[in-house]
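Every chain is numbered from 1 and lettered A, B, ... according to where its sequence line falls, protein lines coming before strand lines. Not measured: the values here are computed from a predicted model.
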Protein chains: 2
Amino acid sequence: MDKIERLLRQHHIRPTAIRLLMYKFLHEKNVAVTLNDIESGFDKSERTTLYRTIKTFEKNGLVHQIDDGTGVAKYALDEPENQKGNSQDLHLHFHCTSCNETVCLTDHKIPHISLPKGFVTQDMNLVLKGTCDKCNRK
Amino acid sequence: MDKIERLLRQHHIRPTAIRLLMYKFLHEKNVAVTLNDIESGFDKSERTTLYRTIKTFEKNGLVHQIDDGTGVAKYALDEPENQKGNSQDLHLHFHCTSCNETVCLTDHKIPHISLPKGFVTQDMNLVLKGTCDKCNRK
DNA sequence: AAAAACATGCAACTTAAGTGCATTATTTCC
DNA sequence: GGAAATAATGCACTTAAGTTGCATGTTTTT
Ligand SMILES: [Mn+2]
Ligand SMILES: [Mn+2]
Ligand SMILES: [Zn+2]
Ligand SMILES: [Zn+2]
């Protein structure tokens with residue numbers, strides 16, 4: 001797959017072995033992952049490197065960090081349509097308190113909120129908590 | 001002020017010296033405070049005690065914890081009208097990235113969000129980030 | 001091929017949060 | 001009122017996530 005290689009280069013990320021592996025890892029998941037999740041997913045390689053790798057991805061707009069209220073940062077790949085400069089893709093996130101998984105609901109945008117005079121919004125974070133479809137089926 | 005004393009008792013919290021002081025401290029502030037803020041506000045008394053005190057307040061519905069994305073928990077007094085059992089007061093919070101203060105916008109409720117089938121919501125957290133009125137006036 | 005720039009690995013540090021346990025204060029009950 | 005029970009406090013210690021410094025290894029540039 002040098003498709004991924006090209007993708008990384010488009011984001012000005014040099015495609016090293018670990019970076020390719022991490023991209024694949026993130027791509028296979030459909031839920032947001034913690035640094036620990038990533039670490040567990042790799043036999044080899046080291047915490048710090050994985051940390052710096054995910055931060056590189058984040059800085060270059062390949063993943064976004066999610067703060068779901070658990071106190072541990074999670075990360076998920078940006079959707080292709082939001083990768084190119086379309087910076088503010090304010091979709092919401094759902095955190096399941098049963099299975100502890102957090103997912104991007106990319107087509108549920110955060111509604112507009114009117115604020116008191118003087119406040120200027122630059123960013124938003126909306127997290128819904130509850131039980132997810134999988135857990136509710138059990 | 002045994003007005004405060006009565007208030008604590010109503011919440012099944014025994015009004016010790018530190019608890020009264022902490023309540024007053026929180027009451028004077030109009031912004032959410034971290035445990036460090038509280039610690040700095042007291043000459044005497046100890047981290048752990050303050051920690052357990054704020055947790056007691058939280059458990060008994062006197063304060064709520066706010067996760068504004070800074071990675072540090074903040075706390076603010078519940079508004080009187082929300083204290084009595086009216087548990088789910090889902091107001092939003094504003095975090096100023098300039099002065100790092102976080103405020104409750106108690107009369108800005110989180111709008112209703114429709115979710116994909118199978119998801120059940122129990123709780124929500126909406127944080128807006130930007131610059132606050134005070135910072136924008138400067 | 002040498003120099004420069006960048007990536008990786010390992011150790012160490014920082015900060016917030018949380019627990020165990022002994023001591024002290026407050027309630028309860030006789 | 002005083003002893004026993006219960007709760008609050010203080011201090012030490014632990015955990016976990018995040019982060020940085022620096023030496024070494026690898027890739028890119030010229
Ligand atoms: Mn997302
Ligand atoms: Mn609030
Ligand atoms: Zn679930
Ligand atoms: Zn401000």
Could you tell me the separation between the [atom1] atom of [X] and the [atom2] atom of [N], rounded to a whole number of Å?
| X | N | atom1 | atom2 | result |
| --- | --- | --- | --- | --- |
| A:Asp37 | D:dG18 | CG | P | 11 Å |
| B:Leu8 | D:dA7 | CG | C1' | 15 Å |
| A:Phe42 | C:dT8 | CZ | C1' | 14 Å |
| A:His12 | C:dC6 | NE2 | P | 13 Å |
| B:Leu50 | D:dC11 | CG | C1' | 14 Å |
| A:Ile54 | C:dT8 | CD1 | C1' | 16 Å |
| B:Arg47 | C:dT19 | CZ | P | 14 Å |
| A:Glu46 | D:dT20 | CD | P | 15 Å |

Return the nearest nucleotide to the side chain of [X]; candidates are [options].
| X | options | value |
| --- | --- | --- |
| B:Lys55 | D:dT9, C:dG18, C:dT8 | C:dG18 |
| A:Arg52 | D:dT19, D:dC11, D:dG21 | D:dG21 |
| A:Thr53 | C:dA17, D:dA7, C:dT8 | C:dT8 |
| A:Arg14 | D:dA17, D:dT28, C:dG9 | D:dT28 |
| B:Ser45 | C:dA17, D:dT9, D:dG10 | D:dG10 |
| B:Thr48 | C:dG9, C:dT8, D:dC11 | D:dC11 |
| A:Ala73 | D:dG18, D:dA7, D:dT9 | D:dG18 |

Does a nitrogen or oxygen in the side chain of [X] sit under 4.0 Å from OP1 or OP2 of [N]?
| X | N | result |
| --- | --- | --- |
| A:Thr16 | C:dT8 | yes |
| B:Asn36 | C:dT15 | no |
| A:Arg19 | C:dA7 | yes |

request  = Please work out which of the three classes, parallel, tilted or perpendicular, describes the rings of B:Phe42 and B:Phe25, given edges at 30° and 60°.
outcome  = tilted

task = May I ask you to decide if the ring planes of B:His93 and B:His91 are parallel, tilted or perpendicular, using 30° and 60° as cut-offs?
result = perpendicular

request  = Begin from the C-alpha positions of A:Leu128 and A:His108 and carry the test side-chain contact (heavy atoms from CB on, under 4.5 Å) through to its verdict.
outcome  = CA-CA 11 Å; A:Leu128 305 197; A:His108 287 69; over 6 Å; no

Any A:Gln122 side-chain heavy atom under 4.5 Å of B:Thr131 side chain = yes

ask   = Is there a side-chain contact between B:Tyr75 and B:Lys55 (heavy atoms, below 4.5 Å)?
value = yes

task = Tell me whether B:Val72 is reachable from B:Met22 by hopping between hydrophobic residues (I, L, V, M, F, W, Y) whose side-chain heavy atoms are closer than 4.5 Å.
result = no

ask   = Should the heavy atoms of other residues, nucleotides or ligands under 6.0 Å from NZ of B:Lys29 be counted, would the total exceed 12?
value = no

key: Difference in axis direction between the ends of the helix from C:dA1-D:dT30 to C:dC30-D:dG1, five pairs, 10°   = 20°

ask   = Can you find a side-chain donor-acceptor pair between B:Ser40 and B:Asp37 that sits under 3.5 Å?
value = no

remark   = Between A:Ile13 and B:Tyr51, whichever has its closest DNA chain C nucleotide further toward 5' is A:Ile13

